[in-house]
Amino acid sequence: MNIKKELEARAGIANGIYLNNIDIDPLTIKAIMINEVVPADPLQDFYGPPDADYLKTTIPLLQGAGAKVTSIQDILQKGIYITNAVKTPKADYAIDKRSIENSLPYLEAELSLFPNIKVIMLMGDVAKKAFNMIAKKSTKKNAIPAVSTYKLRNSEIYYKGIRVMPSYIMTGGNILIEKSKVTMATEDIATMLEIIK
């Protein structure tokens with residue numbers, strides 16, 4: 001299945017929305033990692049060239065968690081699909097609510113493509129916010145409590161039978177500065193790997 005074509009068929013074609021133009025078998029995916037926002041340059045996203053910026057921080061996090069991966073193909077073969085909550089590059093330092101809302105139909109359709117999901121990882125506050133907006137539509141309440149991520153890390157949260165794990169952002173230059181968040185994200189990814197193996 002081509003993810004981009006499938007999402008456009010379900011949610012429509014929109015200008016400026018960047019979708020993963022990759023072919024994968026949705027039945028093989030057991031975990032989804034939701035990053036915050038697509039990069040300004042689409043080539044720097046997870047499914048760009050092997051040296052894409054987003055992979056420069058993501059691959060070491062997965063390796064630190066014990067996954068033997070060196071490419072996005074290795075990550076997919078482990079049953080892990082990575083996407084972005086916001087499908088348009090950010091215009092300002094912060095991501096506004098409208099950007100999240102505009103991308104929501106695509107993210108919601110994307111999550112529904114994979115019937116064998118055991119874990120959804122929310123990598124950062126924007127991913128957490130977007131996921132809560134989706135949950136609220138069907139359950140009228142947030143899936144993730146409005147509490148700091150570090151306080152939620154050891155709680156087991158489930159949404160429609162799927163383990164949902166709030167964690168920390170996995171892309172961008174700031175990740176290299178905040179070593180404690182790198183450590184915690186690595187630990188969270190290790191837990192996810194344990195659940196899907």
Side-chain angles (χ1 to χ4, degrees), residues 1-8 10-11 17-39 45-48 52 54-55 57-59 61-62 65-67 69 71-87 100 103-139 142-144 149 152-153 156-171 184-197:
M1 171 201 320
N2 181 280
I3 300 293
K4 181 177 183 190
K5 286 182 184 153
E6 191 63 33
L7 294 180
E8 287 178 342
R10 291 180 184 214
I17 293 280
Y18 179 74
L19 303 170
N20 294 327
N21 191 8
I22 56 162
D23 294 303
I24 54 175
D25 176 356
L27 300 177
T28 62
I29 301 300
K30 295 183 232 126
I32 299 175
M33 297 176 81
I34 305 175
N35 183 53
E36 294 201 326
V37 62
V38 297
D45 206 352
F46 301 104
Y47 303 96
Y54 274 17
L55 290 175
T57 51
T58 302
I59 288 173
L61 280 174
L62 283 152
V69 294
S71 69
I72 191 65
Q73 286 309 317
D74 291 347
I75 295 168
L76 287 167
Q77 283 172 354
K78 291 225 168 289
I80 302 164
Y81 174 72
I82 306 176
T83 193
N84 296 294
V86 177
K87 312 293 187 191
I100 299 173
S103 297
L104 224 49
Y106 296 94
L107 181 61
E108 193 170 5
E110 202 168 17
L111 295 177
S112 74
L113 297 178
F114 306 101
N116 298 326
I117 292 300
K118 293 181 178 175
V119 181
I120 295 174
M121 292 197 75
L122 307 174
M123 308 307 288
D125 289 340
V126 173
K128 198 161 75 171
K129 200 177 290 181
F131 192 80
N132 271 340
M133 290 163 92
I134 290 171
K136 233 178 184 161
K137 280 174 61 182
S138 65
T139 65
N142 288 337
I144 309 300
T149 298
L152 292 171
R153 287 183 59 241
E156 290 195 16
I157 301 167
Y158 288 88
Y159 175 76
K160 296 186 177 180
I162 297 167
R163 174 84 181 264
V164 182
M165 299 176 64
S167 190
Y168 296 97
I169 192 154
M170 60 191 204
T171 56
M184 290 186 279
T186 304
E187 289 167 358
D188 296 341
I189 293 167
T191 301
M192 176 266 288
L193 291 169
E194 199 55 41
I195 294 168
I196 67 168
K197 72 175 185 188

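Here Gln77 pairs with nothing under the side chain to side chain donor-acceptor pair (under 3.5 Å) rule; sequence neighbours left out. Contacts of Thr139 classified as side chain to side chain donor-acceptor pair (under 3.5 Å), with partners at least two apart in sequence or in another chain: none. With sequence neighbours excluded, no residue satisfies side chain to side chain donor-acceptor pair (under 3.5 Å) with Glu8. With sequence neighbours left out, Asp188 forms a side chain to side chain donor-acceptor pair (under 3.5 Å) with Arg153, Ser167.
Looking at Met165 and Val119, their side chains come closer than 4.5 Å, going by heavy atoms from C-beta outward. With contacts defined as side-chain heavy-atom distances shorter than 4.5 Å, the pair Ile144/Ile157 qualifies. Met192 has its side chain out of reach of Arg163: every pair of non-hydrogen atoms, C-beta onward, lies at least 4.5 Å apart. When side chains are defined from C-beta on, Leu62 counts as touching Ile189, because their heavy atoms get closer than 4.5 Å.
Listed by first then second residue, pairs satisfying side chain to side chain donor-acceptor pair (under 3.5 Å) with a partner in residues 113-127 number zero, not counting sequence neighbours.
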Check against side chain to side chain contact (heavy atoms under 4.5 Å, CB included), Ile34 and Met121: CA-CA 6 Å; Ile34 305 175; Met121 292 197 75; over 6 Å; no
Given the rule in the side chain to side chain contact (heavy atoms under 4.5 Å, CB included) test, do Thr171 and Ile169 qualify, once you have shown the distances and angles that lead to the verdict? CA-CA 6 Å; Thr171 56; Ile169 192 154; 4.1 Å; yes
For Ile75 and Lys78, what are the C-alpha separation, side-chain angles and deciding distance, and is it a side chain to side chain contact (heavy atoms under 4.5 Å, CB included)? CA-CA 5 Å; Ile75 295 168; Lys78 291 225 168 289; 5.8 Å; no
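Of the inter-residue distances, the one linking Asn142 atom CG with Lys129 atom NZ reads 11.0 Å to the nearest 0.5 angstrom. Atom CD1 of Ile134 and atom CG of Leu111 lie 5.0 Å apart (nearest 0.5 Å). Note: Ser71 OG to Ile59 CD1 = 6.5 Å, rounded to the nearest 0.5 Å. Atom CG of residue Leu113 and atom CG of residue Leu7 lie 5.5 Å apart, to the nearest 0.5 angstrom. For the atom pair CE (Met123) and OG1 (Thr58), the distance works out to 8.0 Å, reported to the nearest 0.5 Å. Interatomic distance, Leu55 CG to Phe46 CZ, rounded to the nearest 0.5 Å: 7.0 Å.
A side-chain donor-acceptor contact under 3.5 Å links Tyr159 and Ser138. Using modelled atom types and a 3.5 Å distance limit, the side chains of Tyr158 and Glu156 yield a donor-acceptor pair.
Nearest heavy-atom pair, Lys128 versus Leu122, reported as atom, atom and distance to 0.1 Å: CA-CD1, 3.9 Å. Between Ala185 and Leu61 the shortest heavy-atom distance is CB-CD2, 4.2 Å. Across Ile120 and Phe131, no two heavy atoms sit closer than the pair CD1-CE1, 3.8 Å. Nearest heavy atoms, Ala31 versus Ile29: O-CG2, 3.4 Å. Of all heavy-atom pairs spanning Ala85 and Ala127, the tightest one is CB-CA, 4.0 Å. For the residue pair Asp45 and Pro39, the shortest heavy atom distance occurs at N-CG, 3.6 Å.
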Side-chain atoms of residues 18-25: list all donor-acceptor pairs with protein atoms under 3.5 Å, sequence neighbours left out, distances to 0.1 Å.
residue: Tyr18; atom: OH; partner: Pro42; partner atom: O; Å: 3.4
residue: Asn20; atom: ND2; partner: Tyr81; partner atom: OH; Å: 2.8
residue: Asn20; atom: ND2; partner: Ile82; partner atom: O; Å: 3.4
residue: Asn20; atom: ND2; partner: Thr83; partner atom: OG1; Å: 3.4
residue: Asn21; atom: OD1; partner: Asn2; partner atom: ND2; Å: 2.9
residue: Asp23; atom: OD1; partner: Asn2; partner atom: ND2; Å: 3.3
residue: Asp25; atom: OD1; partner: Leu27; partner atom: N; Å: 2.9

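The existence of a salt bridge linking Glu110 and Lys87 is confirmed by a sub-4.0 Å separation between a basic side-chain nitrogen and an acidic carboxylate oxygen.
The main-chain N or O of Ile100 is never found under 3.5 Å from a side-chain atom of Ser103 such that the two would form a donor-acceptor pair. Using modelled atom types, one side-chain atom of Glu36 and one backbone atom of Val126 make a donor-acceptor pair closer than 3.5 Å.
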